[in-house]
Amino acid sequence: MLNERRRMVLAALVNEYVVSVQPVGSKVLVERHGLRFSPATVRSELQALEETGHVFQPHVSAGRVPTDSGYRAFVDDVVGSGTAGLAEQEAESVRHHFRSVDHELTDIMRDTSALLSRLTSYVAVVAAPTLRRARIRRVSVVPLTPRRASVVVVIDSGQVANRTVDFEADVPAETLAHVESYLCRTLDGARGEEAEGVRTAIDGVPGHEAAVALRALDEVLDCLAEADDDRVLTGGVSALLTHPEFSDPEVVRPLMGLLEDGISMLTVLSEVMRAPEIEVRIGHENPDRALEHASFVAARYGTGDTGGIVGVIGPTRMDYRRAISAVRTVSASLSEVLEQ
């Protein structure tokens with residue numbers, strides 16, 4: 001545990017470095033951050049912080065820079081104190097924005113990622129609720145041509161997924177209507193993952209329609225699985241390139257690859273889903289090496305199986321107060337939307 005004076009010096013160092021992106025000296029900390037100590041005392045505290053691994057000195061004559069451990073100590077203070085990073089007017093603007101939305105969930109997710117990126121200037125990551133654990137509200141089978149139909153699945157959260165199915169022979173519209181009626185009756189209120197059991201118990205459908213029902217049901221299952229694998233949205237990816245830490249292609253390339261791989265991002269996010277509070281992963285704390293030069297701030301929204309994740313990814317030199325406050329505000333606002 002750091003004593004009060006070292007915590008103050010470390011907080012001043014982090015706040016200064018976030019803005020300057022340059023090693024910070026003791027004189028600058030005293031002059032710009034209102035520390036009640038002399039430069040000599042601050043210099044001594046910086047030396048002590050270096051010995052404990054909270055800061056490091058890139059060059060002998062340079063100032064200090066926070067380490068991952070230093071950021072961790074700073075973040076623990078921020079989270080514990082509940083210090084606000086968004087102005088109340090900004091937070092209220094976010095809440096008002098979500099209170100006024102009237103779109104399908106997919107559009108809300110996309111809107112959320114753009115909003116969160118604008119608030120923080122970092123990459124926003126939004127994972128929609130899993131479809132396979134949500135309850136099916138309706139299945140529609142819409143004829144397109146004699147041998148083609150569209151299968152549309154509506155989930156209780158308002159999410160919509162659809163697939164096109166091709167048949168080997170002409171299928172009358174009346175047959176598709178019977179199949180649609182059967183699937184709606186059988187799958188109404190069922191969880192997506194429970195729909196798999198229906199496949200082995202097709203009944204209530206005339207023999208000549210059973211094959212069509214099975215084909216449509218397979219598309220329902222594939223539809224849900226495909227939507228689940230593609231439920232991570234990112235916003236503001238180009239914001240990465242504005243931060244000097246990511247000017248090195250060897251650093252930014254793995255991170256860009258991770259952001260483009262929805263399944264890998266879901267693996268990273270799955271650990272956050274188990275966290276009861278806001279989760280902050282700093283640099284080497286991240287299990288995926290693509291994030292070893294980045295920090296990830298994320299939180300759950302919604303409840304149970306209707307919930308998902310919102311978060312931001314940026315450099316370890318992140319404005320943690322603002323990022324944490326923005327993620328908390330967006331998470332709470334999005335939860336209210338889902339409860340309506």
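Count residues from 1 along the sequence.
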Does any non-hydrogen side-chain atom of Leu10 lie less than 4.5 Å from one of Glu45? no

With sequence neighbours left out, the residues meeting ring pair (Phe, Tyr, Trp, His ring centres under 6.0 Å) with Tyr122 are His243

Treating Glu180 as the side-chain partner and Ala177 as the backbone partner, does any N or O pair qualify as donor plus acceptor under 3.5 Å? no

Report yes if the side chains of Val237 and Met256 come closer than 4.5 Å at any heavy-atom pair, otherwise no. yes

Checking Ser117 side chain against Ala114 main chain: does a donor-acceptor pair fall under 3.5 Å? no

Starting at OG of Ser331, measure out to CG of Leu116 and round the result to the nearest 0.5 Å. 10.0 Å

Using every non-hydrogen atom in the two residues, find where Met318 and Ala323 come nearest and quote the distance to one decimal. SD-CB, 3.7 Å

Residue pair Ser38 / Val30, side-chain heavy-atom distance below 4.5 Å: no

Salt-bridge present (Arg281, Glu292; N to O < 4.0 Å): no

Pairwise side-chain contact, Arg328 with Ile278, heavy-atom cut-off 4.5 Å (strictly under): yes

Would you check if there is a donor-acceptor pair between the side chains of Asp111 and His97 at a distance under 3.5 Å? yes

Donor-acceptor pair, distance only, cut-off 3.5 Å: does the side chain of Ser333 make one with the backbone of Thr329? yes

Flag, side chain of Thr41 to backbone of Phe37, donor-acceptor distance under 3.5 Å: no

Distance in Å, Arg289 CZ paired with Leu258 CG, rounded so as to fall on 0.5 Å steps: 13.5 Å

Examine distances only and state if a side-chain atom of Ser44 and a backbone atom of Ala40 form a donor-acceptor pair shorter than 3.5 Å. no

Are the side chains of Thr67 and Thr316 in contact, using a 4.5 Å heavy-atom criterion? no

Answer yes or no: is there an ion pair linking Asp107 with Arg110, defined by an N-O contact shorter than 4.0 Å? yes

For the OG atom of Ser93 and the CD atom of Gln89, what is their distance to the nearest 0.5 Å? 7.5 Å

Is a side-chain donor or acceptor of Asn286 paired with a backbone partner of Ala294 at a separation under 3.5 angstrom? yes

Nearest non-hydrogen partners of Ser69 and His54, listed with the distance: O-CD2, 3.7 Å

Side chain of Gln57, backbone of Ala62: donor and acceptor closer than 3.5 Å? yes

Rounding to 0.5 Å, atoms CG (Leu187) and CG (Leu217) come to a distance of 6.0 Å

Arg6 and Leu2: which non-hydrogen atoms are nearest, and at how many Å? CB-CB, 4.3 Å

Search all heavy atoms of Ala128 against all heavy atoms of Arg231 and return the closest pair with its distance. O-NH1, 2.6 Å

Within-4.5 Å side-chain heavy-atom neighbours: Val24 and Ser20: yes

Between Phe98 and Val330, does the side chain to side chain contact (heavy atoms under 4.5 Å, CB included) criterion hold? Intermediate values first, please. CA-CA 9 Å; Phe98 280 99; Val330 169; 4.0 Å; yes

Under 3.5 Å, which donor-acceptor pairs link side chains of residues 142-151 to any protein atom two or more places apart or in another chain?
| from | atom 1 | to | atom 2 | distance (Å) |
| --- | --- | --- | --- | --- |
| Thr145 | OG1 | Arg147 | N | 3.4 |
| Thr145 | OG1 | Arg148 | N | 3.1 |
| Arg147 | NE | Asp170 | OD1 | 2.9 |
| Arg147 | NH1 | Glu168 | O | 3.1 |
| Arg148 | NE | Asp166 | OD1 | 2.6 |
| Arg148 | NH2 | Asp166 | OD1 | 3.2 |
| Arg148 | NH2 | Asp166 | OD2 | 3.4 |

In the single-linkage hydrophobic clustering (I, L, V, M, F, W, Y; side-chain heavy atoms under 4.5 Å), do Val19 and Val65 co-cluster? no

Between Ser295 and Ile282 (side chain of the first, backbone of the second, donor and acceptor by atom type, cut-off under 3.5 Å), is there such a pair? no

Steps toward side chain to side chain contact (heavy atoms under 4.5 Å, CB included) verdict (Val21, Arg317): CA-CA 8 Å; Val21 206; Arg317 179 194 54 83; 3.6 Å; yes

I want to check a possible cation-pi pair here: Arg64 against Phe56, using under 6.0 Å from ring centre and within 45° of the ring axis as the test. no

What is the distance from atom CG of Leu183 to atom CD of Glu219, rounded to the nearest 0.5 Å? 11.5 Å

Measure the shortest side-chain to side-chain distance between Leu255 and Val123 over non-hydrogen atoms and say whether it is less than 4.5 angstrom. no

What do you reckon, is CD of Glu88 surrounded by more than 12 foreign heavy atoms closer than 6.0 Å? yes

Could you walk me through whether Val55 and Tyr17 pass side chain to side chain contact (heavy atoms under 4.5 Å, CB included), step by step? CA-CA 11 Å; Val55 306; Tyr17 185 65; over 6 Å; no

Using modelled atom types only, decide if a donor and an acceptor are shared between the side chain of Arg322 and the backbone of Leu119 within a distance under 3.5 Å. yes

Counting C-beta onward and ignoring hydrogens, is there a side-chain heavy-atom pair between Tyr301 and Val337 closer than 4.5 Å? no

Minimal heavy-atom distance between Leu49 and Val9, with the atoms involved, is CD1-CG1, 4.1 Å

Between Glu285 and Arg72, does any NZ, NE, NH1 or NH2 come within less than 4.0 Å of an OD or OE carboxylate oxygen? yes

Could you walk me through whether Val125 and Ile313 pass the side chain to side chain contact (heavy atoms under 4.5 Å, CB included) check? CA-CA 8 Å; Val125 180; Ile313 295 174; 3.9 Å; yes

Ignoring hydrogens, what is the shortest heavy-atom contact between Leu269 and Ile309? Give both atom names and the distance. O-CD1, 3.1 Å

Please check this pair: side chain of Ser325 against backbone of Leu86, looking for a donor-acceptor N/O pair closer than 3.5 Å. yes

Going from CG on Asp288 to OG1 on Thr267, what distance comes out if it is rounded to the nearest 0.5 angstrom? 8.5 Å

Between Glu16 and His33, a side-chain donor and acceptor under 3.5 Å: yes

Taking ring pair (Phe, Tyr, Trp, His ring centres under 6.0 Å) as the definition, give me every residue that meets it alongside Tyr320, ordered by chain and number, with sequence neighbours left out. Tyr71

